[in-house]
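Values reported hereafter were calculated over all heavy atoms of this structure, with side chains retained and with hydrogens, waters and symmetry mates removed.
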Amino acid sequence: MIAMILVQGQAVLVLKGLDPIDLVAGKEVLGKQELSATYLRHEYRFSSKAHVDEFRRNPVKYAVQDGGACGKMGALTGKGSPDRFAVVRGKIYLFASDRCRSVMLASQDSYFAELRKPPRASLNERNQAATTYASMVKAHGGAAVSSSKFIGWVYETAYKDDGKNKIWLTHFALAGRDKFAQWESWDLGRAFFVVDGHRDAEGYPNDFYGIHPRERRALTALFARHPAGILRGLAGTPVAPLKDGLTLVRDDIVLDVHLDAKTRRITQVAFRDRHAGPVSDVIIEYSDYEEVNGIWLPMKSRHQINGGEWSAPKVVARYTVDDATPQPLLDAFGRR
């Protein structure tokens with residue numbers, strides 16, 4: 001077996017053992033057990049040594065997309081079945097159900113719609129945006145923002161299991177542009193996505209794997225849209241001014257950030273991206289700011305997709321600032 005980029009844990013055979021190089025070419029050919037490779041959480045089999053070599057040169061092209069997340073829902077959602085797949089526009093996707101697969105195949109254009117391109121701006125406009133950015137950071141806490149080690153927040157969701165009342169916790173923690181973690185915790189365990197500089201991982205304690213590039217991008221975008229991420233630089237560079245804010249760009253992540261005229265705190269973030277399904281125009285509103293260790297952070301948020309109804313308010317259960325390194329980062333990478 002030829003091993004590739006497997007962090008820790010037992011790889012799962014994917015695609016019923018069919019050669020992914022042949023699948024992308026429109027053919028179903030069973031691979032051989034002696035010609036196999038692992039990438040992230042999956043084992044792949046190949047019909048020839050040449051296909052193994054091609055896969056090794058470009059695993060992102062031929063491996064299942066989004067780390068095996070359901071193709072209908074996208075990265076960071078529940079995983080698809082390793083045996084339920086489809087080739088869509090030259091890439092292989094897994095699906096959680098037959099309905100998920102049929103929905104995506106029937107509406108491909110909405111899943112592959114073009115994302116927004118960064119606006120063109122003059123040097124003067126970029127300077128205006130940079131000035132607005134500085135005033136925004138100052139309004140949220142200034143030096144306290146840049147000196148904080150970690151900014152973390154938690155959402156609590158009540159549910160019942162076997163007649164018992166329980167709480168599902170969704171955690172977020174960030175230290176800067178390239179160090180952040182999102183994890184779920186409940187009475188029986190913890191599942192995480194973590195990034196620490198050039199390293200990344202997803203999974204459970206003692207059973208975790210690297211993150212697919214599309215997962216890492218989705219995780220980055222998730223943090224970049226929150227005021228804490230914007231203040232810590234995850235959203236990238238100020239590129240253009242708005243009447244009441246500025247536009248920030250990081251790679252293909254483009255955000256319009258709107259500010260309150262009096263407080264200069266973030267009230268709204270607008271973007272175009274894949275949001276739990278097809279590419280959508282999304283607006284997130286932030287409100288009810290409270291000061292936590294010198295940093296002003298929003299307690300409530302709600303979102304609107306494609307001009308539809310606003311979601312119910314989402315309330316932060318608690319924030320932490322300058323807390324210890326989050327346990328999922330220690331689970332994946334050890335103490336440093």
Side-chain angles (χ1 to χ4, degrees), residues 116 118-119 121 125-148 150-155 170-177 180 182 218-251 253-273 275 280-305 307 310-322:
R116 180 186 171 193
E125 288 173 324
R126 292 196 296 272
N127 288 337
Q128 289 181 50
T131 299
T132 300
Y133 184 87
S135 69
M136 175 190 70
V137 174
K138 182 178 180 181
H140 286 81
V145 174
S146 58
S147 64
S148 60
F150 277 96
I151 301 175
W153 60 100
V154 181
Y155 297 102
T170 304
H171 307 254
F172 299 85
L174 67 92
R177 181 181 171 89
F180 41 89
Q182 188 270 321
L219 189 65
T220 302
L222 183 66
F223 277 93
R225 296 164 189 156
H226 189 278
I230 292 170
L231 297 172
R232 290 303 302 266
L234 262 76
T237 306
V239 297
L242 300 172
K243 182 179 180 180
D244 61 345
L246 71 160
T247 299
L248 293 165
V249 175
R250 175 174 177 169
D251 302 322
I253 301 168
V254 182
L255 304 177
D256 285 339
V257 180
H258 300 271
L259 308 176
D260 182 89
K262 293 182 178 180
T263 67
R264 307 304 289 166
R265 295 180 196 137
I266 297 167
T267 58
Q268 188 183 99
V269 178
F271 56 93
R272 188 162 207 253
D273 206 356
H275 186 88
S280 306
D281 294 313
V282 183
I283 298 173
I284 305 176
E285 286 189 347
Y286 293 99
S287 62
D288 291 30
Y289 275 79
E290 293 186 5
E291 187 178 9
V292 183
N293 284 20
I295 303 175
W296 287 91
L297 296 165
M299 298 303 298
K300 286 186 179 180
S301 64
R302 61 175 187 159
H303 68 259
Q304 180 192 62
I305 300 176
W310 285 95
S311 69
K314 194 173 183 179
V315 181
V316 175
R318 62 184 178 274
Y319 280 102
T320 56
V321 174
D322 287 329

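- Every ring-ring contact (aromatic ring centres under 6.0 Å, His included) that H171 has, sequence neighbours left out, goes to W183.
- With sequence neighbours excluded, the residues that form a side-chain contact (heavy atoms from CB on, under 4.5 Å) with D281 are R272, N306.
- Atom CG of L242 is separated from atom OG1 of T247 by 4.0 Å, given to the nearest 0.5 angstrom.
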_side-chain contact (heavy atoms from CB on, under 4.5 Å) assessment of V316 paired with Y155_ = CA-CA 5 Å; V316 175; Y155 297 102; 3.6 Å; yes
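- The two atoms that bring D251 and V249 nearest to each other are O-CG1, 3.6 Å, heavy atoms only.
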Side-chain donor/acceptor pairs under 3.5 Å, residues 295-305, sequence neighbours excluded:
{"unit_1": "R302", "atom_1": "NE", "unit_2": "E285", "atom_2": "OE1", "d": "3.0"}
{"unit_1": "R302", "atom_1": "NH2", "unit_2": "E285", "atom_2": "OE1", "d": "3.1"}
{"unit_1": "Q304", "atom_1": "NE2", "unit_2": "G308", "atom_2": "O", "d": "3.1"}

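- Evaluation of the side chain to side chain donor-acceptor pair (under 3.5 Å) test over residues 132-147, restricted to residues two or more places apart or in two chains, returns none.
- Atom-to-atom distance recorded for Y319:OH and F172:CZ is 10.5 Å, nearest 0.5 angstrom.
- Here R250 pairs with D178 under the salt bridge (Lys or Arg N to Asp or Glu O under 4.0 Å) rule; sequence neighbours left out.
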Report, one line per pair, each donor and acceptor closer than 3.5 Å where one atom sits in a side chain of residues 222-233; sequence neighbours left out.
{"unit_1": "R225", "atom_1": "NE", "unit_2": "A221", "atom_2": "O", "d": "3.4"}
{"unit_1": "R225", "atom_1": "NH2", "unit_2": "D273", "atom_2": "OD2", "d": "2.2"}
{"unit_1": "H226", "atom_1": "ND1", "unit_2": "A228", "atom_2": "N", "d": "3.0"}
{"unit_1": "R232", "atom_1": "NH1", "unit_2": "S148", "atom_2": "O", "d": "2.9"}
{"unit_1": "R232", "atom_1": "NH1", "unit_2": "S148", "atom_2": "OG", "d": "3.0"}
{"unit_1": "R232", "atom_1": "NH1", "unit_2": "A175", "atom_2": "O", "d": "3.4"}
{"unit_1": "R232", "atom_1": "NH2", "unit_2": "A175", "atom_2": "O", "d": "2.3"}

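- Under the 4.5 Å side-chain criterion, counting only non-hydrogen atoms from C-beta, T220 is not in contact with R177.
- Closest approach of L246 to P238, counting heavy atoms only: CD1-CB, 3.7 Å.
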Please list every donor-acceptor pair under 3.5 Å in which a side-chain atom of residues 257-270 meets a protein atom from a residue at least two apart or in another chain.
{"unit_1": "H258", "atom_1": "ND1", "unit_2": "D244", "atom_2": "OD1", "d": "2.7"}
{"unit_1": "H258", "atom_1": "ND1", "unit_2": "D244", "atom_2": "OD2", "d": "3.2"}
{"unit_1": "D260", "atom_1": "OD2", "unit_2": "K262", "atom_2": "N", "d": "2.9"}
{"unit_1": "D260", "atom_1": "OD2", "unit_2": "T263", "atom_2": "N", "d": "2.8"}
{"unit_1": "D260", "atom_1": "OD2", "unit_2": "T263", "atom_2": "OG1", "d": "3.3"}
{"unit_1": "T263", "atom_1": "OG1", "unit_2": "R265", "atom_2": "N", "d": "3.2"}
{"unit_1": "T267", "atom_1": "OG1", "unit_2": "H258", "atom_2": "O", "d": "3.2"}

_Does D256 form a side-chain contact (heavy atoms from CB on, under 4.5 Å) with R116? I'd like the steps, not just the answer._
CA-CA 11 Å; D256 285 339; R116 180 186 171 193; 3.0 Å; yes
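- With sequence neighbours excluded, the residues forming a side-chain contact (heavy atoms from CB on, under 4.5 Å) with A121 are E125, R126, A240, listed by chain and number.
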